[in-house]
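Everything below concerns the one structure shown next.
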Amino acid sequence: MAPLFVFPQKLQALEKDDEEEYQGNRLFVQNAIDIARFRPSELEEFVKGVSFDLSDKELYCIEEQDVFDRVYSLVRGFSSLAPSCKFILAESLRSNLSVLLPNVDSLVRVSQVQDDDETPTLDRVTSYRNAFKIYSFFLLHIILTEESNTGSSNNAKVIASSRKKQPVNSWNWESQRGRMLNLIANSLEINLSLLFGSADPDENYLSFIVKNTFSMFEKATLLKDSETKDALCHIIGACATKYHYTEQSSASIMHLLHKYDFVVTHMADAVAFAEKKYADGTLACSLIREIGRTNPKSYVKDTAGAENIGRFLVELADRLPKLVSTNIGLLIPHFGGESYKIRNALVGVLGKLVAKAFKDVEGEVSAKSIRLQTKQAMLEILLERCRDVSAYTRSRVLQVWAELCEEHSVSIGLWNEVASVAAGRLEDKSAIVRKSALNLLIMMLQHNPFGPQLRIASFQATLEQYKKKLNELEPVKLTEGMTDGVPSDNDSINGEGEVDNGNAEEVTNYQPESLTDSLAHTEQEIASQDSSVPDVGNVEQTRALVASLEAGLKFSECIAATMPTLLQLMASSSATDVENTILLLMRCRQFQIDGAEACLRKMLPLVFSQDKSIYEAVENAFVTIYIRKSPVETAKNLLNLAIDSNVGDQAALEFIVGALVSKGDISSIAISALWDFFCFNVNGTTAEQCRGALAIICMAAKSSSAILGSHLQDIIDIGFGRWAKVDPLLARTACIAIQRLSNEDKKKLVLSNGSRIFGILESLITGFGLPDNIWYAAADKAIDALYILHPTPETLAADLVKKSLSSVFDGTRGDALQNDIASGNSIVLSSIQVVKLSRYLFVASHVAMNQLAYIESCVRKIQKQKGNKGKVDSEGTENAETQKDNGINAELGLVASEDAVLDTLAERAEKEIVSGSYSEKNLIGECALFLSKLCRNFVLMQKYPILQASAMLALCRFMIIDAKFCDENLQLLFTVVENAPSEIVRSNCTIALGDLAVRFPNLLEPWTENMYARLKDPSVSVRKNAVLVLSHLILNDMMKVKGYINEMAVRVEDKDERISNLAKLFFHELSKKGSNPIYNLLPDILGKLSTQDLQKVSFCNIMQFLIGSIKKDKQMESLVEKLCNRFSGVTDVLQWENISYCLSQLSFTEKGVKKLIESFKTYEHALSEDSVMDHFRNIINKGKKFAKPELKVCIEEFEEKLNKFHMEKKEQEVTARNAEIHRQKVGNMEGFVMAGNNGEESAESDIAEGVSDSEVINTPVEAQTESSNDESTSKLVEPEESSGACSEVTEQEEETEIQSQRDNKKGASRSRVKKSNMKDVKVTLSATTQKVTRLRKKVEE
């Protein structure tokens, strides 16, 4: 019988040590051969000889000493073998082991036959066991050797060579490795109990197999081969489950999970394989127990391990949901741990279990009930975790709910509760939570069980009808199912208003078809008002449908109620908020949620966002909703948008339409459809739709001006024809279309229809065919069109002004009326005169503005022509003489003089618009003089607010044109902007101030304070415009940030939300400029806000917002020093509180804390206030969170110093207050004694002596005032035999003195000097009290 083979710890342990005495019958290497001395040919022959012996002899010939020694020698030097030799050796060992495994069954049969003589069988079993161990050991060692060599060498070469077509006997390690490991895994499936004599194999064998298998799991590249990975999982599963190697395997798995993140899914596969292969979840349960009993605090430090463990649990729950559900109680306590990653994982686990663990409906009723209760408990935990302290966990919970909705694992009864939670999370402070909440609502809409239409009106109508139907069926059922008023057990609604479990499935299964069908017929039912509804069956089915309809109605109302929140999210600074909100609104629109369409309109201004992702989201949504239709539908959608949009939306619409036309998303066919609507070629087109179509075409023409050229005649005929009377705004839109024509089309229009179009425009401006509210907008665009089309617009414009003037001051009363108005006389104007005068002022001022723009355009044309000429000259097209002349001109400075002449001419032309009347008659100048006098006639202006609005608007335009006129009328403008009763006038003037500040900054600079004063205007519109104007001026560096910026800061807490948001936006943008100007402005803002009458909450909100915009640590550290210095010289307690609050809002660094400690002297006098101390305590708590050990000691010492100083200051205050009280009491006592003495002085001389003695009180009282404290004063109340006045004072101050006694117990010990002083005071007071008592008795006698 051959010696026994025992698994060694390493290969070299098989070599026998001659120095040690060999004990036991063990197989060792007797004669190891050094194969390194063989030549390649000799080595190959040697390998082939070993292979021949292995294949020719018995399977267990490997235990023969000679064969064993030779195989050992080759395995030891395996890395030095040639690839062909490696293949031969490995294949021989592998094939022998594969043949050996089936022979174990034959051993069983032989042992059963030869029961009489067991010795040969036992010998054979021993040989088989030896051979089994040796083959397994050598194969595993070959795998480990080759893997270590492969890992250290270049893997790319191995992979590249393996892709080529290999010979039959070539060495392809990847395939060989998988075959070897599979063979070892299969070897664990045979009846090893016969080989090893017990149910469990040899401990050394198992430990060797398991240890090396787990070591291979540490290589990520090895696990990428599916065959290898499956074999390793098989080995682990078999050892841990079949051979009860569970504890050791669990420990190894936990070690790998904590150390490597790439093993998570593979370990989950191994554990799942063990459970499914052997129907034994011991390994999984052991791991869950191990994770469950781990201290939750350990996961806080090991974040990587916590994440890996969490992922493993989720993967395990996905593969073994039922097993995990039975052991979930072991993991639930970890919800109370601090590691959010573990909580995230447990949330994911619960999601997997809810979706997969409870699908099996078989089993007893009791077991089914338990499963339902378990599921309900898991759902309640998921709902509760939506309020987790960690944003990551809240986000993960919402993601899990979205997955459950997608898998239809959320019942109707729970649907609305989940929707309500998701709607609430839309206002979460964390962006990732809001994103998950938006995605959850999108998923809930997409997979909702209530139908494709979720309009509230439809649900209400259908629900009302089926409720009536149910009421008709109910009486019959109630009489059958009730006895003495008690509901029967079969009723589907329990006492708490919930659907019983027995009928829950019926509701769920029945509802979708019936509800969808009923909603499909809703509109027909409403139209016909027929009381009959489709019959859905018996009472239970009708009741189930009613419950479903109620749930659907509640869901629709819940989603519709989120619209205001979604509007706020579209204005969020987070791009993900905006993108996901738009996606949700699109989904809401698809399901016809109330308010979704209106909210989507609000997204249009977002096209101006600088964030590319937001713009793309808006553009994609716009294309999806309005463009991806048939051309006619696209045209109709766009024109409806143009009709319903306000000014801001129209600007956004113009931008996005222009972009889509450039891209080709709005096709030429859609443009043709718009022309059909404009030309009334589509039946049922209204004048409003005609205008909308032309507006969209004008927007498209901004990108492609040729669009308008094909319908010039239609624009004139329809735009200014009879349809303009039906929709007056059509004429204005036609004027815009004329302005958007290409240069060629403009010339063509002037040549073909010039006189007609100018006549139409003139009649539009001077006529009275349009109502007042539309005439101004139309005349504005008509004058613009005249200046664009006419070759000499100033002549035609002069005629317009004259005609408008003559309509006001024509006739016998014209001059007199003009003189009365100019002289400031109180006159009465008719409504027609007011309208005509207002229009005249508008025309004159707008012509003046266009004339200014026309002069500037002419200057640009001349400069452009000169530039083109210079470019041509530089290319060498001019002759030599011209070049010589130009050179001489350049030397003489004539070229520069030409530019100067041009500038002078332009400046003179601009001045002549308004100021020409000072030297000679000027049409506009005369109007300006008259206008200035008119605006000063305040009596007339207050009488006619409409006239004042037009007059001030015209005055502001003239001021913008001419600097001299502006300077003369600035005082008037600010007087009106402050005192005008009309908020429209004040708003217009406020906007004009911004334009004036841009054009004449030096003139407006002295009036800066008055401009800021508009921020305090009582009108919301004036304040809003003031914020906009000042924001524009400051952010574009047109106005310096001066000492009045605190007024803008106050607007952060404006009552109007839009103004508040605009102010916040201003400071947000200001913080991006340079080195953040807010840092320098903050101390000044703090000082000025502290002196204003602001509520405490408003002040705190403003300063918190401003401090939050400062991000740099250096600026924060410098602010600490600046704010501490502001304590110096401040005696106001309110300012102390404000400064300390601002300090508490800073983000402290280590340097900041040190600066605060160093500046103690600056604020020590303010520490007596409790509110100030509270803010300093907040600072200390902040500092402790990030402080290093050394700094933490300093902070703690600083805290002790603050507390000590605070208590001392409090004691000093109490002492001073009590001393003052005592002084007043003693004064009252003296006064009473003196009065008694004077009354009885003539009768009794001994009383006079007592009175004179009492005057000694003064000296000890003064001493007491200097050295008293709360302890001494608390004892001054003890004598009760004082006079009435004295006792009265004592009663009033009793409460204060008792409090001082309590404070004394907490204070520090008193000095000996203070104690001696207190004794003197007590003795003196006691003597005084006795004298007063004696005096009172004598007086009474």
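- For residues 721-740, the pairs satisfying side chain to side chain donor-acceptor pair (under 3.5 Å) are Glu654-Arg740, Arg691-Asp727, with sequence neighbours left out.
- In this structure, Leu970 and Met959 have side chains that are in contact, with non-hydrogen atoms separated by less than 4.5 Å.
- With a 4.5 Å cut-off on side-chain heavy atoms, Phe938 and Asn979 do not count as touching.
- Across all non-hydrogen atoms, the minimal contact from Ala642 to Gly692 is CB-O, 3.9 Å.
- Considering only heavy atoms from C-beta on, Asn637 comes within 4.5 Å of Lys629 through its side chain.
- In this model, no donor atom of one side chain and acceptor atom of the other lie less than 3.5 Å apart for Tyr944 and Gln948.
- Remark: Ser609 OG to Tyr615 OH distance equals 11.0 Å, nearest 0.5 Å.
- Expressed to the nearest 0.5 Å, how far OG of Ser763 lies from CZ of Phe758 amounts to 13.0 Å.
- Crowding of Leu1028 atom CG: a count of heavy atoms from other residues, nucleotides or ligands under 6.0 Å exceeding 12.
- For Ile832, the CD1 atom counts as loosely surrounded, since its 6.0 Å shell holds 12 or fewer non-hydrogen atoms of other residues, nucleotides or ligands.
- Judged purely by atom type and a 3.5 angstrom limit, Thr685 has no side-chain atom pairing as donor or acceptor with the backbone of Phe680.
- In terms of heavy atoms, Val985 sits closest to Val976 at CG1-CG1, 3.8 Å.
- Counting heavy atoms of neighbouring residues, nucleotides and ligands inside a 6.0 Å radius, atom CG of Leu852 exceeds 12 of them.
- A donor atom on one side chain and an acceptor atom on the other are not found under 3.5 Å apart for Asn640 and Gln689.
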**Request:** For the pair Leu764 and Trp775, evaluate side chain to side chain contact (heavy atoms under 4.5 Å, CB included) and give the outcome as yes or no after the intermediate values.
**Result:** CA-CA 8 Å; Leu764 180 66; Trp775 178 87; 5.9 Å; no

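- Contact annotation: the side chain of Cys735 never approaches that of Asp784 to less than 4.5 Å [non-hydrogen atoms, C-beta and beyond].
- Between Ala785 and Ile738 the shortest heavy-atom distance is CB-CG2, 4.4 Å.
- Salt bridge Glu856/Lys861: absent, no basic N to carboxylate O contact under 4.0 Å.
- Between Arg1023 and Asp1056 no salt bridge is recorded (no basic side-chain N to carboxylate O distance below 4.0 Å).
- Applying the 6.0 Å contact sphere to CZ of Arg1058 captures no more than 12 heavy atoms from other residues, nucleotides or ligands.
- Taking the charged nitrogens against the carboxylate oxygens, Arg957 and Asp962 have no contact shorter than 4.0 Å, which rules out a salt bridge.
- For the pair Asp1017 and Arg1014, the salt-bridge criterion is met [side-chain N within less than 4.0 Å of a carboxylate O].
- Ala673 approaches Pro631 most closely through the heavy-atom pair CB-O, 3.7 Å.
- In this structure, Asn753 contributes its side chain and Leu749 its backbone to no donor-acceptor pair below 3.5 Å.
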**Item:** Worked verdict on Leu585 versus Met570 for side chain to side chain contact (heavy atoms under 4.5 Å, CB included)
**Value:** CA-CA 10 Å; Leu585 286 173; Met570 277 204 290; 3.9 Å; yes

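- Residues Leu993 and Asn1010 fail the side-chain proximity criterion, which asks for heavy atoms closer than 4.5 Å.
- Note that SG of Cys599 and CG of Leu567 are 4.0 Å apart. Values are rounded to the nearest 0.5 Å.
- A donor-acceptor contact shorter than 3.5 Å links the side chain of Thr634 to the backbone of Ile627.
- Cys935 pairs with exactly one of Leu947, Leu973, Thr975, Leu955 by the side-chain contact (heavy atoms from CB on, under 4.5 Å) rule, that one being Leu955.
- Proximity of a side-chain donor or acceptor of Asn850 to a complementary backbone N or O of His846 within less than 3.5 Å is detected.
- Separating the CG atom in Asp714 from the SG atom in Cys679 is a distance of 4.0 Å, to the nearest 0.5 Å.
- Residues meeting the salt bridge (Lys or Arg N to Asp or Glu O under 4.0 Å) test with Arg999, sequence neighbours left out: Glu910.
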**Message:** I'd like to know whether Leu800 forms a side chain to side chain contact (heavy atoms under 4.5 Å, CB included) with Leu786, so could you lay out the CA-CA distance, the side-chain angles of the two residues, the decisive distance to 0.1 Å, and finally the verdict.
**Reply:** CA-CA 11 Å; Leu800 286 175; Leu786 277 176; 3.4 Å; yes

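- Ring orientation note: the planes of Phe958 and Phe965 are nearly perpendicular, at an angle over 60° on the 30°/60° scale.
- Nearest approach of Val661 to Ala700, heavy atoms of both residues: CG2-CB, 3.7 Å.
- For the pair Tyr787 and Leu796, the minimum side-chain heavy-atom distance is 4.5 Å or more.
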**Request:** For the pair Leu1003 and Leu996, evaluate side chain to side chain contact (heavy atoms under 4.5 Å, CB included) and give the outcome as yes or no after the intermediate values.
**Result:** CA-CA 9 Å; Leu1003 293 179; Leu996 289 171; over 6 Å; no

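- The number of heavy atoms from other shown groups lying within 6.0 Å of NZ (Lys636) does not exceed 12.
- Note on Arg601 versus Asp644: salt bridge recorded, some NZ/NE/NH1/NH2 to OD/OE distance being below 4.0 Å.
- The aromatic rings of Tyr776 and Phe842 sit perpendicular to each other, their planes meeting at more than 60°, with 30° as the lower class boundary.
- Expressed to the nearest 0.5 Å, how far CG of Leu729 lies from CD of Glu688 amounts to 9.0 Å.
- Residues Asp745 and Ser742 approach most closely at OD2-OG, 2.9 Å, considering heavy atoms.
- Using modelled atom types and a 3.5 Å distance limit, the side chains of Asn969 and Ser932 yield a donor-acceptor pair.
- Judged by distance alone, the side chains of Ser804 and Thr766 never bring a donor and an acceptor atom under 3.5 Å apart.
- Exactly one residue among Ile697, Thr686, Val682 makes a side-chain contact (heavy atoms from CB on, under 4.5 Å) with Phe677. That residue is Val682.
- Distance CG/Asn681 to CG/Asp676: 5.0 Å, rounded to 0.5 Å.
- Using a 4.5 Å cut-off on side-chain heavy atoms (C-beta onward), Leu653 and Ile696 make contact.
- A distance-only check finds no donor-acceptor pair linking the side chain of Ser987 to the backbone of Ile984 [under 3.5 Å].
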**Message:** Applying salt bridge (Lys or Arg N to Asp or Glu O under 4.0 Å) to Asp665 and Arg628, what does each step give before you reach the verdict?
**Reply:** CA-CA 9 Å; Asp665 290 335; Arg628 287 179 184 168; over 6 Å; no

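- Within the 4.5 Å cutoff, the side chain of Trp675 has heavy atoms near those of the Ile707 side chain.
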